[in-house]
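The structure appears right after this line, and notes come after that.
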Amino acid sequence: MDTMNPLIEEMKLKLLEAIEAAGISWEEKQPPALRPCGDRRFGDYQANAAMTQAKRLGRNPRELAETVAAWWNEHHAAQATVSVAGPGFLNFLLTNETLLRALQPNCWSHLPKKVENPPVLILDYSSPNVAKSMHVGHIRSTLLGDSLSRVMRHAGWQVITDNHIGDWGTQFGKLIVGYLHQGSEERLAANPIGEMERLYKWAHEAGEHDPALQECARLELKKLQDGDSRNKALWERFRGMSQSAFDSMYGRLNISFDYTLGESFYHPMLGGVVDDLMRAGVASESEGATCVFFDDKMLQDKPFLIRKSDGAFLYSTTDLATLKYRANHFKADKIWYVTDLRQALHFQQLFATAKKWGVSVESEHIGFGSILGQDKRPLKTREGDPIKLDALLDEAVSRALAILEERRADLPSDEKKALAEVLGINSVKYSDLAQNRHLDYVFDWNKMLAFDGNTAPYVLNAYVRIQSIFRKSGESSSEKYELASPQHPRERDLMLHLLQWDDTLAQVAEEKRPHYLCFYLFYLAGLFHAFFESCPVLKSEPALKRHRLALCRMAADTLREGCGLLGLQTIEKM
RNA sequence: GCGCCCAUAGCUCAGUAGGAUAGAGCAACAGAUUUCUAAUCUGUGGGUCGUUGGUUCAAAUCCAACUGGGCGCGCCA
């Protein structure tokens, strides 16, 4: 997944040459690493190869580095000059000519990569439950999954997104009973999800004091599972109403799925899965239930239950059926499950079972931490008041609108409303994606909707300022833009950062961590703002103006593309 | 009992196959706008990287133990 700029790749090979010229035989598969300097004061790129090789051969690192640097400077000074620092760092300072060449369209672009025989990746995320509202608990999976799907498509993979919704299970018995006793067509028409939640809650609570009602729910569930036509029609109706609600939420979030194959889709396959696993000797009976046992140390005392003693199937059974279906039907090479980190053990067991079963697909659990309440306890679905996703988005949008009213009183009302919608939603998305996915975080309106610092508004503001320059320039044709050698330190900073675009994306894809992209964009926006302060564009002499306009164009394109990969929309004003 | 994750500035967090004087943002303070959007920029202060050992030229990073917090572990999803 190494997709660096061709000029940098070429420099790696030249570095390899320099190392071999110093009498070192390079035994590693990859050419020596060349990475951006952690501290710009030292140079543009750095290599640690002299130190690692010196260690391997028991030679003096500083001396070896000096030899390599001398050879490089003798042969390739036109491309970059190398200096040695500390115990043997090789610090590369690119010549301005190199920087300019590296950013030409043949070396640098935002086009998606072309990969021969790209891996087929199934991306499983979001997965809300039918008859319930989407709430904060769905945010991370939905946003991470969507961003990763965009990033991996950009990386050239064949990505298939699948929303594995919870559309089957015991809750439908209660829901049907609730509907039969309490259902209101009027309410169902006005607020389908709210009414379904009310009916479920009623049946659940009433059932606690009324065993007959519980029995009734069991019976209705059984009827549904046996194909009773009235219950099946009700179930389909509930599911349809939920799907409409999901669709409108996804529409608002600008997220879409290739497939929505929920739990019900796999239900007919479950019996076969268990039989198959039994026949293959993968599963066995234990205490009346059906389990898979594992040999390896980690899982040996943690059996995977795939059928309850009463014969009912479980989440695990559905997941096994799903995994096999994806491997066979979609010819998936990889499956990524974007879910809560607390399900880690479940996925370990699932993948271990699949392996014993002989299903060859490389599966990975892309886990993330919990969103906690102010009390540092996970926000729960069943109890308390989970914050609903649409309410959260509304709040974000209204806060964005309030800021626009204050700062942009000059804009027409309609325009402000449209901008607020995008800004609010972008802010929610960005604040989540900018987090390291492994960590829990405490939910906080102010934090989620902060418009300062490493946030969507800050990044978008850089884009907006560039658009404003373009509007004022009155020149839309790109021939007027011509990138040149950097004339000012702020230009050079910007160009060097643009050069690292490919590297950043490769890293995001490698580690499945979009927050690296957020940092890249935040940094890019900062560099642009600094450039904006000290480098006038429109008032410069023609040649400099063409150069700076080209730089603006590249920065804007990168911001737009980067935002796009996070699932954010750019705006022209704010 | 077994296992997984986390601990970095007052707060929220970065820190990418071990690298240089550990970085941002927020908050605080001091400045900058007749000029392309001040939702901006420039500067200042702020740290025994949970503790103790080990590995080496080099450890926030790797290893071991410990402390504190979270999570998971057969009939929920």
Side-chain angles (χ1 to χ4, degrees), chain A residues 30 33 35-39 41-42 46 48 51-52 54-55 60-62 85-89 91 127 129 166 169-170 263 286-291 297-310 312 314-316 318-319 339-346 348-349 367 369-370 372 376-378 381 403-404 406-408 423 434-436 438-442 444 446-447 450-455 457-458 460-462 464-473 503-504 507-508 510-511 513 515-516 519 522-523 525-526 529-530 532-539 548 552 573-574:
Chain A
Q30 301 290 326
R35 286 184 294 189
C37 277
D39 189 329
R41 282 170 298 185
F42 296 116
Q46 63 147 301
N48 298 335
M51 288 185 289
T52 55
K55 174 164 189 160
N60 181 322
R62 174 88 201 190
F89 291 98
N91 289 319
S127 313
N129 292 316
T170 51
E263 292 170 356
S286 167
E287 297 173 29
T290 308
C291 287
K297 224 170 161 186
M298 272 276 287
L299 296 174
Q300 72 185 170
D301 58 342
K302 298 184 171 60
F304 197 38
L305 200 64
I306 60 171
R307 185 168 55 192
K308 306 196 325 189
S309 51
D310 68 0
L314 293 148
Y315 177 44
S316 54
T318 309
D319 268 1
T339 77
D340 197 301
L341 222 34
R342 284 176 298 187
Q343 295 182 44
L345 177 61
H346 167 78
Q348 271 184 28
Q349 294 171 320
S370 310
L372 308 176
K376 304 252 181 175
R377 307 294 306 168
T381 327
I403 292 174
L404 281 166
E406 187 190 321
R407 298 195 189 239
R408 295 304 309 267
L423 266 177
Q435 302 260 353
N436 179 340
H438 282 122
L439 302 175
D440 292 351
Y441 69 87
V442 174
D444 178 343
N446 292 323
K447 188 181 166 176
F451 292 168
D452 300 306
N454 183 12
T455 64
Y458 180 86
L460 289 173
N461 186 232
V464 162
R465 290 175 110 180
I466 302 173
Q467 295 311 304
S468 178
I469 291 177
F470 289 143
R471 274 196 300 276
K472 297 237 158 112
S473 83
D503 207 21
T504 304
Q507 204 180 320
V508 172
E510 181 67 35
E511 299 187 35
R513 307 222 278 196
H515 82 275
Y516 290 145
F519 281 115
F522 175 55
Y523 200 55
H529 286 309
F532 185 92
E533 297 289 330
S534 50
C535 300
V537 176
L538 299 177
K539 284 171 187 149
R548 288 183 172 168
C552 286
K573 292 179 189 173
M574 63 187 280

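Each chain gets a letter, A, B and so on, in the order its sequence line appears, and its residues count up from 1.
Taking atom CG of A:L460 as the reference point, atom C1' of B:rA39 lies 11 Å away to the nearest angstrom. In this structure, A:Q343 places its CD atom 14 Å from C1' of B:rC73, rounding to the nearest Å. For the pair A:Q46 CD and B:rA17 P, the computed distance is 13 Å after rounding to whole Å. Distance A:L341 CG to B:rC4 P: 13 Å, rounded to the nearest Å. Residue A:H438 contributes atom NE2, which lies 11 Å from atom C1' of B:rC4 at whole-angstrom precision. If you take CZ of A:F522 and C1' of B:rC13, they are 12 Å apart, rounded to a whole angstrom.
Judged by Watson-Crick or G-U wobble contacts below 3.5 Å, the nucleotide B:rA24 has B:rU12 as its partner. When both pairing distances are held under 3.5 Å, B:rG72 makes a Watson-Crick or G-U pair with B:rC2. Shown here, B:rC62 forms a base pair with B:rG54; the pair counts as Watson-Crick or G-U wobble because both key distances fall under 3.5 Å. Both distances falling under 3.5 Å, in either a Watson-Crick or a G-U wobble arrangement, place B:rG31 opposite B:rC41. Nucleotide B:rU48: unpaired (no Watson-Crick or G-U wobble partner with both distances less than 3.5 Å).
Contact between the side-chain N/O atoms of A:Y516 and the OP1/OP2 oxygens of B:rG15 is found at a separation under 4.0 Å. Between A:K573 and B:rA39 there is no side-chain N or O to OP1 or OP2 distance below 4.0 Å. In this structure, A:N454 does not reach the B:rA14 phosphate: none of its side-chain N or O atoms is under 4.0 Å from OP1 or OP2. The side chain of A:R62 places no N or O atom within less than 4.0 Å of a non-bridging phosphate oxygen (OP1 or OP2) of B:rA58. Between A:H515 and B:rG15 there is a side-chain polar atom (N or O) within less than 4.0 angstrom of OP1 or OP2. Residue A:Y441 places none of its side-chain N or O atoms closer than 4.0 Å to OP1 or OP2 of B:rC6.
Base contact: A:L404 has a heavy atom under 4.0 Å from a base atom. Contact annotation for A:L299: no contact, since no heavy-atom pair falls under 4.0 Å across all strands. Nucleic acid contact class of A:N461 (heavy atoms, under 4.0 Å, all strands): sugar-phosphate only. At a threshold of 4.0 angstrom between heavy atoms, the contacts of A:P61 with the nucleic acid are absent. No contact: A:Q348 has no heavy atom under 4.0 Å from any strand. Residue contacts shown for A:G86 are absent, as no nucleic acid heavy atom lies under 4.0 Å away. Among the heavy atoms of the strands lying under 4.0 Å from A:S286 is at least one base atom, whether or not backbone atoms are also near. No engagement by A:R307 is indicated, since no non-hydrogen atom pair under 4.0 Å with the nucleic acid exists. The residue A:A33 sits close to a base: some heavy atom pair falls under 4.0 Å. A:N436 comes within contact range of the sugar-phosphate backbone alone, with a heavy-atom separation under 4.0 Å but no base atom that close.
Distances were taken from every side-chain heavy atom of A:M298 (C-beta onward) to each of B:rC13, B:rG3, B:rA39; the shortest belongs to B:rG3. Residue A:H529 places its side chain closer to B:rU40 than to any other of B:rG70, B:rC13, B:rU40. Candidate nucleotides B:rU42, B:rC36, B:rG18 were compared by shortest atom distance to the side chain of A:I469, and B:rC36 ranks first. Looking at the side chain of A:Y458, the nearest of the listed nucleotides B:rA14, B:rU21, B:rC41 is B:rC41. Each of B:rU16, B:rC36, B:rC6 was ranked by its minimum atom distance to the side chain of A:E511; first place goes to B:rU16. Minimum atom distance to the side chain of A:K302 is reached by B:rC73, of the listed B:rG70, B:rC73, B:rC13. The side chain of A:F519 sits closest to B:rA14 out of B:rC76, B:rA14, B:rA17. Proximity note for A:F451 (side chain, C-beta onward) versus B:rG18, B:rA39, B:rC36: the nearest is B:rA39. Listed nucleotides: B:rA39, B:rC36, B:rU16. Nearest to the side chain of A:Q507: B:rU16. With B:rA77, B:rG74, B:rA20 as the candidates, the nucleotide lying closest to the side chain of A:A85 is B:rA20.
Remark: the separation of the P atoms in B:rG3 and B:rA59 is 30 Å, to the nearest Å. Remark: the separation of the C1' atoms in B:rA27 and B:rA9 is 12 Å, to the nearest Å. Rounded to whole Å, the separation between the C1' atoms of B:rA28 and B:rC11 comes to 12 Å. The P atoms of B:rA77 and B:rA60 are separated by 46 Å, rounded to the nearest whole Å. With both ends at atom P, the span from B:rG46 to B:rA24 equals 14 Å, rounded to whole Å. Taking atom C1' on both B:rC75 and B:rU12, the two are 41 Å apart, rounded to the nearest angstrom. Straight-line distance between the P atoms of B:rA17 and B:rG54: roughly 27 Å, to the nearest whole Å. Taking atom C1' on both nucleotides, B:rC62 is separated from B:rU16 by 16 Å, rounded to a whole Å.
In this structure, A:Y441 and A:L372 have side chains that are not in contact, with every pair of non-hydrogen atoms separated by 4.5 Å or more. The closest side-chain heavy-atom distance from A:L314 to A:L305 is below 4.5 Å. Between A:Q348 and A:M298 the shortest side-chain heavy-atom distance falls below 4.5 Å.
Donor-acceptor pairing under 3.5 Å, judged by distance alone, is absent between the side chain of A:D452 and the base of B:rA27.
Side-chain N or O atoms of A:Q349 include one that pairs as donor or acceptor with a backbone N or O of A:K302 at under 3.5 Å. Not one N or O on the side chain of A:N91 forms a donor-acceptor pair closer than 3.5 Å with the backbone of A:Q46. Counting only distance, with no hydrogens or angles, the side chain of A:R408 and the backbone of A:M574 share a donor-acceptor pair below 3.5 Å.
A glycosidic torsion no more than 90° from 0 defines the syn conformation; B:rA27 lies beyond that range and is anti.
The aromatic rings of A:Y458 and A:H529 sit perpendicular to each other, their planes meeting at more than 60°, with 30° as the lower class boundary.
Other residues, nucleotides and ligands contribute only 12 or fewer heavy atoms inside 6.0 Å of the OH atom of A:Y523.
Neither side chain, A:Y516 nor A:E510, offers a donor N or O lying under 3.5 Å from an acceptor on the other.
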